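Next up is a structure, given as C-alpha cells.
One-based numbering along the sequence shown. Indexing begins at 1, ligand by ligand and atom by atom, following the structure's order. Given the structure is predicted, the values throughout are model-derived calculations rather than measurements.
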Amino acid sequence: MRHRIAVVGGGPGGLTFARVLHRHGCPVTVLERDPTPDARPPGGSLDLQEGLGQLALDKAGLLAEFQALSRPEGQAMRILDTAGTVLRDWRPHPDERANPEIDRRQLRDLLLDSLDVQWGREVSQVVPGTGEGVLVRYADGRQETFDLVVGADGAWSRVRPAVSPVTPHYTGVTAVETSLDDIDTRHPDLAQLVGDGSVAVYGANRSVVAQRNSGGHVKVYTKFRAPLDWHADLDLTDVEATRAGLLALFDGWAAPVLDLLGHGTAFVHRPIHVLPVSHTWTHVRGVTLLGDAAHLMPPLGAGANLAMLDGAELAESIAADPDDLDEAVRAFEEQMWSRAERWATITTAGLERLVSPDPAEALALFEEVQR
Ligand SMILES: Cc1cc2nc3c(=O)[nH]c(=O)nc-3n(C[C@H](O)[C@H](O)[C@H](O)COP(=O)(O)OP(=O)(O)OC[C@H]3O[C@@H](n4cnc5c(N)ncnc54)[C@H](O)[C@@H]3O)c2cc1C
C-alpha cells in the first residue's frame, strides 16, 4: 500500500529517514525550509558513534562511503588548564573507529545523493485529524495533505505543537562559536595546539573547545554560565564588540587560548536550550517527531547520532509493517522515547560537569568516558 508520507526538515534525522525509506522502495516527500542546500553555513564537524550514527548509516547503505570520508584522527583530544598546561593528550589508535569525525556538509551530501528534496518549503503548521489526513500548511499560504507527517525540524519544530505543548527551556549555559580558516598556514602555532582533533580548556563555569574540521577550518566553541540576557549591553552583530566581550569573560587565561578567540572571524550566539529529559506525548495518528524536535538535549556529541538512528528505525518500522502505518509509528515512538531519555540524562549531567564551578569535574568526566 502506498502511503503519502512527508518529513519536515532536511537535517541529519530527516534525511536519514528519507534515505532508508527510499532504500526500501517507499516514496517520501522531504520538505526543507532552506531555499538551497548551501543557504546556511553547515556548522561544525560531527562525531558519529559506532552503535548510533554509524548504525544508521549502515541501515542507509552508506557506511563504506562514510568510512572513506570520515577522519578517525579527529577523535584526538588534548585538555589544558587555564594556564595552558597540558593535562591530557589522548590520540586514537590508527584503527580506532568508535567516533570518527565528518564535516556536516559531507554527511548531508552523502545522505542527499539521489533524494528529491523540496527546498524552500517552510512549514508553518500541521493539523492532524482532518477527514483527508494530516494537513500541512506552508508559510507561503499553500497547503497539502499526507497520511503521515514526521517532524524532523529541529529545536524550534513547527510540527511539535501537533503532538505536544512542550517547548525548549534555557539550561543556564550559553555558547558562542567562532572559527578560523586555513589555520595551518595562517596560524601554525594554533594549528599545533589544536592538533588533529580537539583541544579543550576548562575553567570555573566556562570552557573553550577548538575542533579541527577538514580543509584547515577550525571551529572554536566557548561555553559559560550566564543569564539569557547576558549580552544586554553588547551588540552581538558587532564582531569586535563581541570579541572584546568574550576576551573579558576569559580574562587571565593562557595567551594561545585567547588567540583562538582573537583570530576568530565571526561569532554565533547559541544559548543552550533543551526539552525535558523525559519528553513524551500521547500518540497522535498521522504525526510523529524525531531528532531534536522530539528530544533536544545538550550538544555533547549525541544529538545528530540519535536523530539519524531515529530516522533509520522509523523508516525500517514503516517498511516492515506497511499495512499498519499507525502501529509502525507507535512501536518506533516507544523505542525512541526510552533511548532518548537515557541519553538526555547522560548529556544533562555531562553539561553540568563540563561547565562546572570545579574544572576538575570536566577532567574526571573525560576519564570516565575514555574508560
Ligand atoms: C555546536 C554544536 C555541536 C554539535 N556536535 C555534535 C556532534 O559532534 N555529534 C552529534 O551527534 N550531535 C552534535 N550536535 C547536535 C546536532 O547538531 C543536532 O542534535 C542535530 O543536528 C539534530 O538533527 P535533526 O535532524 O533532528 O535537526 P536539525 O539538524 O536541526 O535539522 C532540522 C532541519 O529542519 C529544517 N527546518 C526547521 N524548521 C522548518 C520548517 N518550519 N519547515 C521546513 N523545514 C524546517 C532546518 O532548516 C533543518 O535543515 C551539535 C550541536 C551543536 C549546536
Side-chain angles (χ1 to χ4, degrees), residues 6-19 29-49 52-54 56 70 74-75 99-104 107-108 111-112 117-126 136-140 149-162 168 171 173-179 197-198 209-211 213 219-223 268-275 289-312 314 336 340 343-344 347 351:
V7 57
V8 183
L15 290 182
T16 308
F17 169 70
R19 181 69 200 223
T29 305
V30 184
L31 305 166
E32 168 55 49
R33 176 180 59 186
D34 286 347
T36 62
D38 292 313
R40 281 181 297 130
S45 166
L46 291 171
D47 61 82
L48 295 191
Q49 304 177 25
L52 297 174
Q54 291 188 52
S70 64
Q75 300 166 101
N99 266 327
E101 294 282 337
I102 187 165
D103 284 12
R104 281 183 196 248
L107 177 66
R108 184 205 60 200
L111 290 166
L112 266 181
V117 174
Q118 296 193 12
W119 300 99
R121 283 295 214 147
E122 181 176 355
V123 169
S124 56
Q125 196 191 15
V126 169
V136 171
R137 293 203 168 101
Y138 299 111
D140 63 9
V149 175
V150 178
D153 51 341
W156 305 102
S157 170
R158 301 304 290 262
V159 182
R160 193 190 300 122
T171 54
V173 176
T174 276
V176 179
E177 177 186 316
T178 188
S179 48
S198 299
V209 176
Q211 183 186 41
N213 291 223
K219 286 253 181 265
V220 183
Y221 304 100
T222 66
K223 289 198 184 78
V268 184
H269 180 218
R270 296 189 200 276
I272 300 178
H273 286 77
V274 292
L275 284 166
L289 306 174
L290 59 78
D292 280 5
H295 46 67
L296 180 66
M297 55 186 80
L300 263 68
N305 280 275
L306 295 173
M308 292 170 69
L309 192 53
D310 292 350
L314 176 57
M336 171 181 67
W343 279 97
T347 54
L351 185 67

Item to complete: Output yes when a side-chain donor or acceptor of Asp153 lies under 3.5 Å from a complementary backbone atom of Val159, and no otherwise.
Response: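 The answer is yes, because a donor-acceptor pair under 3.5 Å joins these two groups.
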Worksheet entry | For atom 39 (C) of ligand 1, the protein heavy atom that lies nearest, with its residue and separation |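 Nearest neighbour among protein heavy atoms for atom 39 (C) of ligand 1, to 0.1 Å: Asp153 CB, 3.8 Å.
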Worksheet item: Do Leu111 and Thr16 come within less than 4.5 Å of each other through their side chains, counting heavy atoms only?
Response: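 Touching, per the 4.5 Å side-chain cut-off.
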Fill in: Sub-3.5 Å N/O-N/O distance, Glu177 and ligand 1
no
Item to complete: Just jot down the ligand 1 atoms closer than 4.0 angstrom to any heavy atom of Gly13, in number order.
Response: 25 (O)
Worksheet item: Should one rank Lys223, Lys219, Arg33, Gln211 by closest heavy-atom distance to atom 44 (N) of ligand 1, which comes out on top?
Response: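 Of the listed residues, Arg33 has the closest heavy atom.
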Worksheet item: What pair of heavy atoms forms the shortest contact from Ser45 to Asn213, and how long is it?
Response: N-OD1, 2.9 Å
Worksheet item: Numbering the atoms of ligand 1 from 1, which are under 4.0 Å from a heavy atom of Gly301?
Response: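 Reading through ligand 1 atom by atom, the close ones are 7 (C), 8 (O), 9 (N), 10 (C), 11 (O).
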Fill in: Option with minimal heavy-atom separation from atom 3 (C) of ligand 1, where the choices are Arg104, Arg270, Glu101
Arg104
Fill in: Lys/Arg N to Asp/Glu carboxylate O, Arg160 vs Asp292, below 4.0 Å
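Judged by the 4.0 Å cut-off on N to carboxylate O distance, Arg160 and Asp292 do not form a salt bridge.
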Worksheet item: Please state which protein non-hydrogen atom is closest to atom 18 (C) of ligand 1 and give its distance, to 0.1 Å?
Response: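 Result for atom 18 (C) of ligand 1: Asp292 OD2, 3.3 Å.
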Item to complete: Mark yes or no for whether Thr178, through its side chain, and Val220, through its backbone, hold a donor-acceptor pair below 3.5 Å.
Response: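 Not a single qualifying donor-acceptor pair exists.
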Worksheet entry | Enumerated ligand 1 atoms positioned under 4.0 Å from heavy atoms of Gly11 |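 Checking each atom against Gly11, I get 25 (O), 31 (O), 33 (C), 49 (O).
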Fill in: Contact check: Arg158 vs ligand 1, nitrogen or oxygen atoms, below 3.5 angstrom
no
Worksheet item: So is Gln49 in contact with ligand 1, going by heavy-atom distances below 4.0 Å?
Response: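 Flag not set, Gln49 not near ligand 1.
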Worksheet item: How far is atom 34 (O) of ligand 1 from its nearest protein heavy atom, and which residue and atom is that?
Response: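 Of the protein heavy atoms, Gly9 CA, 3.2 Å lies nearest.
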Worksheet item: Below 4.5 Å, heavy atoms only, C-beta onward: do Tyr138 and Leu31 meet side chain to side chain?
Response: yes
Worksheet entry | Side-chain donor or acceptor of Thr222 paired with backbone N/O of Val176 under 3.5 Å |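 Yes, because the side chain of Thr222 sits within donor-acceptor range (under 3.5 Å) of the backbone of Val176.
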Practice prompt. Please write down residue, atom name and distance for the protein heavy atom closest to atom 16 (C) of ligand 1.
Written response: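 Result: Ala304 N, 3.6 Å.
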Item to complete: Enumerate the atoms of ligand 1 whose separation from the nearest heavy atom of Val8 is less than 4.0 angstrom.
Response: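 By the 4.0 Å cutoff, the relevant atoms are 42 (N), 43 (C).
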Practice prompt. With heavy atoms of Pro299 as the reference, note each atom of ligand 1 found under 4.0 Å away.
Written response: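 Taking each heavy atom of Pro299 in turn, ligand 1 has 50 (C), 51 (C), 52 (C) under 4.0 Å.
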Worksheet item: Please state which protein non-hydrogen atom is closest to atom 42 (N) of ligand 1 and give its distance, to 0.1 Å?
Response: Val123 N, 3.0 Å
Discussion item. Out of all atoms in ligand 1, which are within 4.0 Å of some heavy atom of Asp47? Include the element for each.
Written reply: 7 (C), 8 (O), 9 (N)
Discussion item. Does any part of the side chain of Phe17, heavy atoms only, come nearer than 4.5 Å to the side chain of Val7, both counted from C-beta?
Written reply: yes
Worksheet entry | Residues Leu300, Leu351; criterion side-chain contact (heavy atoms from CB on, under 4.5 Å); working and verdict | CA-CA 8 Å; Leu300 263 68; Leu351 185 67; 4.3 Å; yes
Fill in: Min N/O separation Ala155 to ligand 1 under 3.5 Å
no
Worksheet item: Do His273 and Leu296 pass the side-chain contact (heavy atoms from CB on, under 4.5 Å) test, and can you show the C-alpha distance, the side-chain angles, and the key distance before you say yes or no?
Response: CA-CA 8 Å; His273 286 77; Leu296 180 66; 4.2 Å; yes
Practice prompt. Test salt bridge (Lys or Arg N to Asp or Glu O under 4.0 Å) on Asp103 and Lys219 and set out the steps.
Written response: CA-CA 11 Å; Asp103 284 12; Lys219 286 253 181 265; over 6 Å; no
Worksheet item: Does any N or O in the side chain of Arg104 come within less than 3.5 Å of the main-chain N or O of Gly44, such that one atom is a donor and the other an acceptor?
Response: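 Such a contact is found between Arg104 side chain and Gly44 backbone.
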Worksheet item: Which bit of Gln125 gets closer than 4.0 Å to ligand 1, counting heavy atoms only: side chain, backbone, both or neither?
Response: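 The answer is neither; Gln125 stays 4.0 Å or more away.
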Discussion item. Check this for me: does any side-chain nitrogen of one of Arg121 and Glu32 sit under 4.0 Å from a carboxylate oxygen of the other?
Written reply: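 So Arg121 does not pair with Glu32 through a salt bridge.
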Discussion item. Do Met308 and Leu52 have side chains that approach each other closer than 4.5 Å (heavy atoms only, starting at C-beta)?
Written reply: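 A side-chain contact is absent here, since even the closest heavy-atom pair is not under 4.5 Å.
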Discussion item. Give me the atom names and distance for the closest heavy-atom approach of Pro100 to Gln54.
Written reply: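 Closest approach of Pro100 to Gln54: CD-NE2, 3.3 Å.
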Worksheet item: Counting only heavy atoms, which portion of Leu31 has something under 4.0 Å from ligand 1: side chain, backbone, both, or neither?
Response: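 Within the 4.0 Å criterion, Leu31 contacts ligand 1 through backbone atoms alone.
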Fill in: Ring centre gap for His295 and Trp343 strictly below 6.0 Å
no
Fill in: atom 30 (O) of ligand 1 [closest protein heavy-atom partner, distance rounded to 0.1 Å]
Gly154 CA, 3.6 Å
Fill in: Option of least heavy-atom distance to atom 13 (C) of ligand 1 (set: Asn99, Val30, Leu46)
Leu46
Worksheet entry | Subset of ligand 1 atoms that lie under 4.0 Å from at least one heavy atom of Arg121 |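 Checking each atom against Arg121, I get 42 (N), 43 (C).
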Practice prompt. Quick one: look at Tyr221 and ligand 1, take heavy-atom pairs under 4.0 Å, and tell me if it's side chain, backbone, both or neither.
Written response: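 The answer is the side chain.
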Worksheet item: Which ligand 1 atoms, with their elements, are less than 4.0 angstrom from a heavy-atom of Pro12?
Response: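 Every atom of ligand 1 under 4.0 Å from some heavy atom of Pro12: 21 (O), 23 (O), 25 (O), 29 (O).
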Discussion item. Could you identify the single nearest non-hydrogen protein atom to atom 32 (C) of ligand 1 and state the distance to 0.1 Å?
Written reply: Ala152 O, 3.4 Å
Fill in: Top protein contact for atom 48 (C) of ligand 1, by heavy-atom distance
Glu32 OE1, 3.5 Å
Worksheet entry | Glu122-ligand 1 polar pair, N/O distance under 3.5 Å |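 There is no such contact.
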